[in-house]
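Structure first, commentary second.
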Amino acid sequence: MKLSRSSALLKRLQLGRRAVIAFPLVWLTLFFLLPFALVLKISLSGAAIAIPPYGPLLEYADQTLHVFLNLGNYLFLLSDSLYIAAYWGSVKTAFIATLACLLLGYPMAYAMARAPARWQLLLLLLVMLPSWTSFLIRVYAWMGILSNSGLINNLLIGVGLIDSPLRMMNTQFAVIIGIVYAYLPFMVLPLYAHLTRMDNSLLEAAADLGSRKLNTFIKVTLPLSTGGIVAGSMLVFIPAVGEFVIPELLGGPDTLMIGKVLWEEFFLNRDWPVASALAMVMLLLLLVPIVWFHRYQSREFQE
Amino acid sequence: MIRMRRPNFSTVMLVLGLLFLYLPMFVLVVYSFNASKLVTVWAGFSTQWYGELFRDQQILSAVWTSLRIAFFAASMAICLGTVAAFVMTRYGHFRGKTALSSMVTAPLVMPEVITGLSLLLLFVQMAQITGWPADRGMATIWIAHTTFCSAYVAVVVAARLREVDLSIEEAAMDLGSPPVKTFFSITLPIISPALAAGWLLAFTLSLDDLVIASFVSGPGANTLPMVVFSSVRMGVSPKINALATLIILTVSLATLLAWFFMRRNETRRKAALREG
């Protein structure tokens, strides 16, 4: 009697457990995974003058199932050098910006982790605060600084260093500045998390054994913070590749980035199948970094 | 004796990095009080742009739309993200765990244009099959924001859940508390600071999003970033400087308050530890 009651309880527990798991699983499958399947599907269908503007993939007519697989969108991406240039431009810009973020962010995170404990919270808030204010507004701030009649040019001309304004706005330089500025906190945060977690006795041991500071840094600190480097770099690189706002506001005609091209293909040309194919190829390019990031992140979950 | 330390490389970089982060915002604030319509030419102090900002009906209604969406998205994201974090940190292996953990963390890095495009295609397809959503607007933005915000919530809450001493939960269950009750009366209060942090994070992320909202919104619903973007695209405008200043001011005040309370809690906790 008692046994059957407890087994009923166990069953209810199992049911409850399943319900708890199902809630996020179903939501994310419906609103995160399924949408990608649709992008794939539409990237394979032909454009049509209809609402929505794409043709069907499957059609049942005359008692036969017609399957329309259209690789034309992908071939079209290959045939137009604009798209390849845009992919290359995105990867290059994102890579340079990520490297700049790392070179600036690593010493910042290091100094924060070494700061006295009572300062750490304040420093952390100071680094995070900009990313809580509007992203759009922070990018916009640079428009007023970099433009031909902007702050930097006014200053330089006022001092007499230059006669005519430097062209900084609408260049790749401006886009990189914008990305570094907007994403720097995302680089610093994981680095700081890894550096504070580090066991200080290792550093002391290295010092006791006569290792110089730089040597200790390269052989102990750097390898121990690899997780933070990977997480931070991926948090900057992946969104930067697909960035739309920064190249739109700070970039010029020569800064081709795929996020901007996709946006224009979708909203201006209204070519949904080509926009979908652009997204699929971008996803394919980012698959390795995303998997890499995910591996480190899931290790964090398990710890 | 106080030992003067030679500032080392990393400290110098930290100061430079913080200057880099704050100077542009400082410039925005200063120029929001500029009398000139030309944003880069200083022509005396004025608060006229604030007046114009508060007379701009389009911006005001966009602020209201954004605040409502952010409130509902953050609230739903807290439910979804907390459950996801709990499942990821407390449950052993189950079928679909890998899939779930991938889907929880992937929105953190997914380029916004891809997320926005894919969700829009989903809503269009859903409307074709089920008739809902007939037109896109607040509801579709809410779903989209909930989905990507819950990823951030899950990471924040999971970090806290890992630090919680499991033995308290186990003790409660040993004493006969059912899991649901244990969760609500033991686990939830312990992680409540993380929930508050997660909610605020989700709220600001939702307020801030331009790209995803632009994809999944219809002509009826314009969020604040969408209005700001269309105005900024035309060039720099002093009204936007005023708006930026107000946003920076609000966020700074909120952060200052948060820092004050966190530090007070910390001091109290240390005092309690000393006495205990």
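The analysis underlying the following values was restricted to heavy atoms, covering all of them including side chains, and did not include hydrogens, waters or symmetry mates. Per chain, numbering begins at 1; letters A, B, ... match sequence-line order.
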Show your reasoning for whether side chain to side chain contact (heavy atoms under 4.5 Å, CB included) applies to A:R114 and B:T11.
CA-CA 9 Å; A:R114 290 280 162 280; B:T11 315; over 6 Å; no
Taking side chain as everything from C-beta outward and backbone as N, CA, C, O, which of these in [X] sits under 4.5 Å from a heavy atom of chain A? Side chain, backbone, both or neither.
| X | answer |
| --- | --- |
| B:V124 | side chain |
| B:I143 | both |
| B:P178 | neither |
| B:V232 | both |
| B:P179 | side chain |
| B:M234 | neither |
| B:L256 | neither |
| B:V87 | side chain |
| B:S252 | both |
| B:L210 | side chain |
| B:T204 | side chain |
| B:A106 | both |
| B:L201 | side chain |

Would you mind checking which part of [X] comes under 4.5 Å of any heavy atom in chain B, side chain (CB onward), backbone (N, CA, C, O), both or neither?
| X | result |
| --- | --- |
| A:L262 | side chain |
| A:L249 | side chain |
| A:L129 | both |
| A:L30 | backbone |
| A:M112 | both |
| A:F266 | side chain |
| A:F267 | side chain |
| A:L103 | backbone |
| A:R17 | both |
| A:L124 | neither |

Q. Is it true that A:W263 and B:F215 have ring centroids separated by less than 6.0 Å?
A. yes
Euclidean distance, [Y] [atom2] relative to [X] [atom1], rounded to 0.5 Å:
| X | Y | atom1 | atom2 | answer |
| --- | --- | --- | --- | --- |
| A:K41 | A:L38 | NZ | CG | 6.5 Å |
| B:D208 | B:S66 | CG | OG | 10.0 Å |
| B:F203 | B:L200 | CZ | CG | 8.0 Å |

So which heavy atom on [X] is nearest to which on [Y], and how close?
| X | Y | result |
| --- | --- | --- |
| A:E265 | A:A275 | CG-N, 4.1 Å |
| B:A144 | B:I212 | CB-CG2, 3.8 Å |
| A:P24 | B:L80 | CA-CD1, 3.9 Å |
| A:M108 | B:G17 | SD-CA, 3.7 Å |
| B:S231 | B:S237 | OG-OG, 4.4 Å |
| B:M226 | B:S217 | CE-OG, 3.7 Å |

Atom pairs and distances, side-chain donor-acceptor, residues 239-248 of chain A, under 3.5 Å, sequence neighbours left out:
{"from": "A:E243", "atom 1": "OE1", "to": "A:Y183", "atom 2": "OH", "distance (Å)": "2.5"}
{"from": "A:E243", "atom 1": "OE2", "to": "A:V245", "atom 2": "N", "distance (Å)": "3.2"}
{"from": "A:E243", "atom 1": "OE2", "to": "A:I246", "atom 2": "N", "distance (Å)": "3.4"}
{"from": "A:E248", "atom 1": "OE2", "to": "B:R233", "atom 2": "NE", "distance (Å)": "2.9"}
{"from": "A:E248", "atom 1": "OE2", "to": "B:R233", "atom 2": "NH2", "distance (Å)": "3.2"}

Heavy-atom check, side chain of [X] versus side chain of [Y], under 4.5 Å:
| X | Y | answer |
| --- | --- | --- |
| A:V139 | A:Y181 | no |
| B:V63 | B:V227 | no |
| A:M128 | A:V188 | no |
| A:L189 | A:V127 | no |

Using a cut-off of under 4.5 Å on heavy-atom pairs, state which of [options] scores highest against chain A.
| options | answer |
| --- | --- |
| B:I248, B:L18, B:T115, B:V27 | B:L18 |
| B:Y22, B:F86, B:F94 | B:Y22 |
| B:L28, B:L23, B:V15, B:L108 | B:L28 |
| B:L120, B:V180, B:V12 | B:L120 |
| B:C79, B:A127, B:G81, B:P107 | B:P107 |
| B:I247, B:L16, B:L117 | B:L117 |

Between [options], who has the most heavy-atom pairs with chain B when the cutoff is under 4.5 Å?
| options | value |
| --- | --- |
| A:L34, A:L122, A:L121 | A:L122 |
| A:W27, A:W142, A:W132 | A:W27 |
| A:V39, A:L126, A:L104 | A:L126 |
| A:F32, A:Y110, A:F237 | A:F32 |
| A:P130, A:G259, A:A279, A:S276 | A:P130 |

### Task
Assess whether side chain to side chain contact (heavy atoms under 4.5 Å, CB included) is satisfied between B:L207 and B:L224, documenting all intermediate values.
CA-CA 8 Å; B:L207 270 188; B:L224 183 64; over 6 Å; no
### Query
Is there a donor-acceptor contact under 3.5 Å from the side chain of A:K260 to the main chain of A:A86?
no
Angle class for the A:F31/B:F123 ring planes (parallel below 30°, perpendicular above 60°, tilted otherwise)? tilted
